[in-house]
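Take a look at the structure set out below.
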Amino acid sequence: MGRGGFPAYRRLGRRFFARSAEELAPDLLGCALVLRVGGLTLAIKLVEVEAYLGVGDDPASHAFRGRTARNEQMFATPGHLYVYFTYGMHYCSNVVAEKKGVAGAVLLRAGEALQGAELMGARRGRKGVEIANGPAKLCQALGLDLRHNGLDLTRDELGIWPFETPKRVARSSRIGVREGRQLRLRFFDPDSPFVSGKRT
DNA sequence: CCATAGATTGACT
DNA sequence: GTCAATCTATGGA
């Protein structure tokens, strides 16, 4: 049995992820992202995510111009993990949505440490809200990089569990994107202090 | 508080 | 060659 209150039978399965990124994104808020490695459990409650759409639908999406080596996982079976490297030094992670062959993903932007805060804080050189209030910070806290690209969140060492339901869900345009600003595909818990910087 | 520069590499045009 | 789904330090109000 999983220690830390994340038993296998409660883990989110394929069906939960198999829908559009825009539908999936808000339902990920309040869920726990759990990594089990070396007998250790790290858990983060998701408080901010962004949906990225498929080919030709969303100029800010890595999949906008079609399939490439980098964005391959955006077309994978739903429930997989898409990790990309950016700005020469950072990793960001996404949950794959839609159905196999159709691109769509949800960027994990920010969360609150639930378990393993000491280790994650040490990795980040920060504490409290600074542990995972940004997509690259969240990856650094969990130690996620390209080795984790393509993991199956329904079976592998990283998974997602229902944890709590946010009282409210707010919606805004996405952060750090130039095009596609009219698409309001950022979802966050407006009552959480653990969201990243701006909150328009 | 806010604004801005620099870091640093690979993917894509 | 250009620039990115970012973060941090620093400098000024």
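Note on naming: letters A, B, ... go to the chains in the order of the sequence lines (proteins, then strands), and numbering restarts at 1 for each one.
By the 6.0 Å and 45° rule, A:Arg67 stacks over the aromatic ring of A:Phe75. Judged by the 6.0 Å and 45° rule, A:Arg11 forms no cation-pi pair with A:Tyr9. Taking the ring axis of A:Tyr52 as reference, the NZ or CZ atom of A:Arg174 stays within 45° of it and closer than 6.0 Å to the ring centre. Geometrically, A:Arg19 engages A:Phe16 in a cation-pi contact defined by less than 6.0 Å to the ring centre and at most 45° from the axis.
Between A:Arg109 and C:dT6, a side-chain N or O to OP1/OP2 separation shorter than 4.0 Å is present. Using a 4.0 Å cut-off, no side-chain N or O of A:Arg174 falls inside it from OP1 or OP2 of C:dT6.
Note that CG of A:Leu144 and CG of A:Leu33 are 7.0 Å apart. Values are rounded to the nearest 0.5 Å.
Counting to the nearest Å, the P atom of C:dT8 and the CZ atom of A:Arg123 are 16 Å from each other. Here the C1' atom of nucleotide C:dA5 and the CZ atom of A:Arg186 are 13 Å apart, to the nearest Å. Distance, A:Met89 CE to C:dA4 C1': 11 Å, rounded to whole Å. The interatomic distance linking A:Phe64 (CZ) with C:dA4 (C1') rounds to 16 Å, in whole Å. Computed from coordinates, the A:Leu53 CG to C:dA5 P distance equals 15 Å when rounded to whole Å. In this structure, the CG atom of A:Leu146 is 11 Å from the C1' atom of B:dT9, given to the nearest Å. A:Arg178 has its CZ atom 13 Å from the C1' atom of C:dA5, to the nearest Å. Spacing between atom OH of A:Tyr91 and atom P of C:dT6 amounts to 16 Å, rounded to whole angstrom units.
You'll find that the side chain of A:His62 is closest to C:dA5, out of B:dT8, C:dT8, C:dA5. Distances were taken from every side-chain heavy atom of A:Lys137 (C-beta onward) to each of C:dT8, B:dT13, B:dA7; the shortest belongs to C:dT8. Side-chain proximity of A:Tyr52 to C:dA4, C:dA5, C:dT6: nearest is C:dA5.
A:Ala136 comes within 4.0 angstrom of the backbone, heavy atoms only, and of no base.
Contacts with DNA chain C (heavy atom under 4.0 Å) in residues 66-88 of chain A: A:Met74, A:Tyr84, A:Tyr87, listed by number.
The aromatic rings of A:Tyr84 and A:His62 sit perpendicular, their planes meeting at an angle over 60°, well past the 30° parallel limit.
Base-pair partner of B:dA11: C:dT2 (Watson-Crick or G-U wobble, both distances under 3.5 Å).
A:Arg126 places no side-chain N or O within 3.5 Å of a backbone atom of A:Gly121 that could act as its donor or acceptor partner.
Rounded to whole Å, the separation between the P atoms of B:dA3 and C:dA5 comes to 22 Å.
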